K.L.:
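Have a look at the structure that comes next, please.
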Amino acid sequence: MPDDERWVPAYVGLGANIGDCLATLKGACDAIGRIAATRLVCCSSIYRSAPMGPTPQPDFYNAVVALLTRLEPGKLLAAMLAIEREFGRERSATRWGPRTLDLDLLLFGNRRMSETGLTIPHPGLAERNFVLYPLAEIAPQLPVPGVGTAEKLAAVVGNSGLQKLELES
């Protein structure tokens with residue numbers, strides 16, 4: 001279906017562990033809200049978690065935003081990658097390394113797809129509490145295609161090592 005035909009709900013995971021992470025996540029939410037043909041619906045609380053992988057690095061700060069978009073998934077992803085670059089993200093061969101900003105397209109309507117550089121639902125979504133808890137906070141009954149609701153998946157993985165931050169507005 002071409003762009004601008006209908007609004008589709010989408011969910012984006014945000015993460016950062018270099019620099020002023022809280023300011024970065026706030027700025028990224030604002031930038032996501034300015035993507036053409038896209039509306040920011042809400043943003044979860046921010047959660048702190050230990051980093052994944054073998055590279056020693058600071059804890060991550062994570063959140064999830066809900067969007068409505070008229071863009072196709074590839075175009076939305078391209079806009080997200082441009083925002084990452086705005087915030088100083090340099091992609092390297094190091095998997096799970098430190099980053100100024102990481103934006104992941106988690107869900108796009110009820111679509112399931114796998115292309116080079118884009119898999120929906122996002123791989124690992126159902127096992128990562130730092131994504132599931134913020135997702136369940138803003139959309140507890142949201143179905144993750146093929147695996148269950150955000151709330152049920154969060155309960156299964158548990159909240160070990162995850163801290164919800166209580167920030168002043």
Side-chain angles (χ1 to χ4, degrees), residues 9-33 40-69 73 76-77 80-81 83-84 86-92 94-112 118-169:
Y11 295 85
V12 176
L14 297 82
N17 74 340
I18 297 174
D20 186 345
C21 299
L22 298 177
T24 295
L25 293 183
K26 182 184 181 324
C29 284
D30 292 343
I32 289 168
L40 179 66
V41 175
C42 66
C43 184
S44 74
S45 299
I46 296 175
Y47 293 75
R48 188 170 72 200
S49 64
M52 291 178 62
T55 305
Q57 57 187 303
D59 285 351
F60 268 88
Y61 292 82
N62 301 282
V64 170
V65 297
L67 312 173
L68 289 173
T69 187
L76 179 58
L77 179 63
M80 291 166 41
L81 295 175
I83 292 169
E84 283 185 351
E86 261 181 63
F87 282 87
R89 171 77 185 266
E90 294 180 17
R91 293 198 171 260
S92 71
T94 304
R95 189 169 186 190
W96 297 325
R99 52 201 69 171
T100 55
L101 179 62
D102 186 30
L103 299 177
D104 292 321
L105 183 53
L106 304 172
L107 295 162
F108 191 91
N110 61 1
R111 192 173 300 191
R112 294 172 114 172
L118 179 58
T119 301
I120 300 172
H122 188 278
L125 166 63
E127 295 90 34
R128 296 178 178 167
N129 67 1
F130 59 88
V131 174
L132 288 169
Y133 273 80
L135 181 61
E137 177 187 320
I138 62 174
Q141 298 307 310
L142 178 70
V144 176
V147 290
T149 65
E151 184 176 57
K152 287 182 181 174
L153 291 169
V156 168
V157 299
N159 64 356
S160 179
L162 192 65
Q163 178 188 10
K164 181 178 177 179
L165 302 182
E166 300 299 330
L167 304 171
E168 296 178 20
S169 298

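Below, all heavy atoms of this structure are taken into account, side chains as well, without hydrogens, waters or symmetry copies. Quick caveat: nothing in here was measured; it's all calculated off a predicted structure.
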K.L.:
Please name the pair of heavy atoms, one in Ser45 and one in Pro134, separated by the smallest distance, quoted to 0.1 Å.
P.N.:
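Smallest heavy-atom distance, with atoms named: O-CB, 4.4 Å.
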K.L.:
Side-chain contact test, heavy atoms from C-beta onward, threshold under 4.5 Å: evaluate it for Leu107 versus Val144 and give yes or no.
P.N.:
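Side chain of Leu107 against side chain of Val144, heavy atoms only: contact under 4.5 Å found.
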K.L.:
Working to the nearest 0.5 Å, report the span between NE2 of His122 and CZ of Arg128.
P.N.:
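Atom-to-atom, His122:NE2 and Arg128:CZ are 6.0 Å apart.
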K.L.:
If I take atom CD1 from residue Ile46 and atom CG from residue Leu25, how far apart are they, to the nearest 0.5 angstrom?
P.N.:
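Nearest 0.5 Å value for the CD1-CG distance: 5.0 Å.
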K.L.:
Using modelled atom types only, decide if a donor and an acceptor are shared between the side chain of Asn17 and the backbone of Pro58 within a distance under 3.5 Å.
P.N.:
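Between the backbone of Pro58 and the side chain of Asn17 there is a qualifying donor-acceptor contact (under 3.5 Å).
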K.L.:
Taking the side chain as every heavy atom from C-beta outward, state whether Leu14 and Ile32 have any atom pair closer than 4.5 Å.
P.N.:
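Yes, at least one pair of side-chain atoms sits under 4.5 Å.
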K.L.:
Are Asn159 and Tyr47 side-chain neighbours, meaning at least one heavy-atom pair lies under 4.5 Å?
P.N.:
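Not touching, per the 4.5 Å side-chain cut-off.
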K.L.:
Is there a side-chain contact between Asp59 and Pro51 in this structure, where contact means two heavy atoms from C-beta onward sitting under 4.5 Å apart?
P.N.:
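Side-chain contact under 4.5 Å: yes.
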K.L.:
As an exercise, state the distance from CD of Glu137 to SG of Cys43, rounded to the nearest 0.5 Å.
P.N.:
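The distance works out to 8.5 Å.
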K.L.:
What is the distance from atom CG of Asp104 to atom CD of Glu84, rounded to the nearest 0.5 Å?
P.N.:
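With rounding to 0.5 Å, CG (Asp104) is 7.5 Å from CD (Glu84).
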K.L.:
Which heavy-atom pair separates Phe108 from Thr69 by the least distance, and what is that distance?
P.N.:
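Answer, listing the atom of Phe108 first, then Thr69: CE1-CG2, 3.6 Å.
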K.L.:
Flag the pair Lys152 / Val156 as yes when at least one side-chain heavy-atom distance between them is below 4.5 Å, and no otherwise.
P.N.:
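A side-chain contact under 4.5 Å is absent here.
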K.L.:
Any side-chain heavy atom of Leu125 sitting closer than 4.5 Å to one from Leu132?
P.N.:
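Side-chain contact under 4.5 Å: yes.
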K.L.:
Would you say the side chain of Ile18 lies within less than 4.5 Å of the side chain of Leu101, judging by non-hydrogen atoms?
P.N.:
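Contact flag for Leu101/Ile18 side chains = no.
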K.L.:
Taking everything shown except Asn110 itself, do over 12 heavy atoms lie less than 6.0 Å from its CG?
P.N.:
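No - once you tally the heavy atoms of other residues, nucleotides and ligands closer than 6.0 Å, there are 12 at most.
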K.L.:
Can you see which heavy atom on Val64 is nearest to which on Leu106, and at what distance?
P.N.:
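Closest approach of Val64 to Leu106: CG2-CD1, 4.0 Å.
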K.L.:
Using 0.5 Å steps for rounding, measure from the OH atom of Tyr133 to the CD atom of Glu151.
P.N.:
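That separation rounds to 10.0 Å.
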K.L.:
Any side-chain heavy atom of Leu22 sitting closer than 4.5 Å to one from Leu165?
P.N.:
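A side-chain contact under 4.5 Å exists here.
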K.L.:
Measure the spacing between OG1 of Thr119 and CG of Leu105 and express it to the nearest 0.5 Å.
P.N.:
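Rounded to the nearest 0.5 Å, the OG1-CG separation comes to 10.5 Å.
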K.L.:
Using every non-hydrogen atom in the two residues, find where Ala10 and Leu76 come nearest and quote the distance to one decimal.
P.N.:
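Here Ala10 and Leu76 meet closest at CB-CD2, 4.1 Å.
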K.L.:
I need the minimum non-hydrogen distance between Tyr11 and Ala66, along with the two atoms involved.
P.N.:
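Heavy atoms of Tyr11 and Ala66 come nearest at CE2-CB, 3.5 Å.
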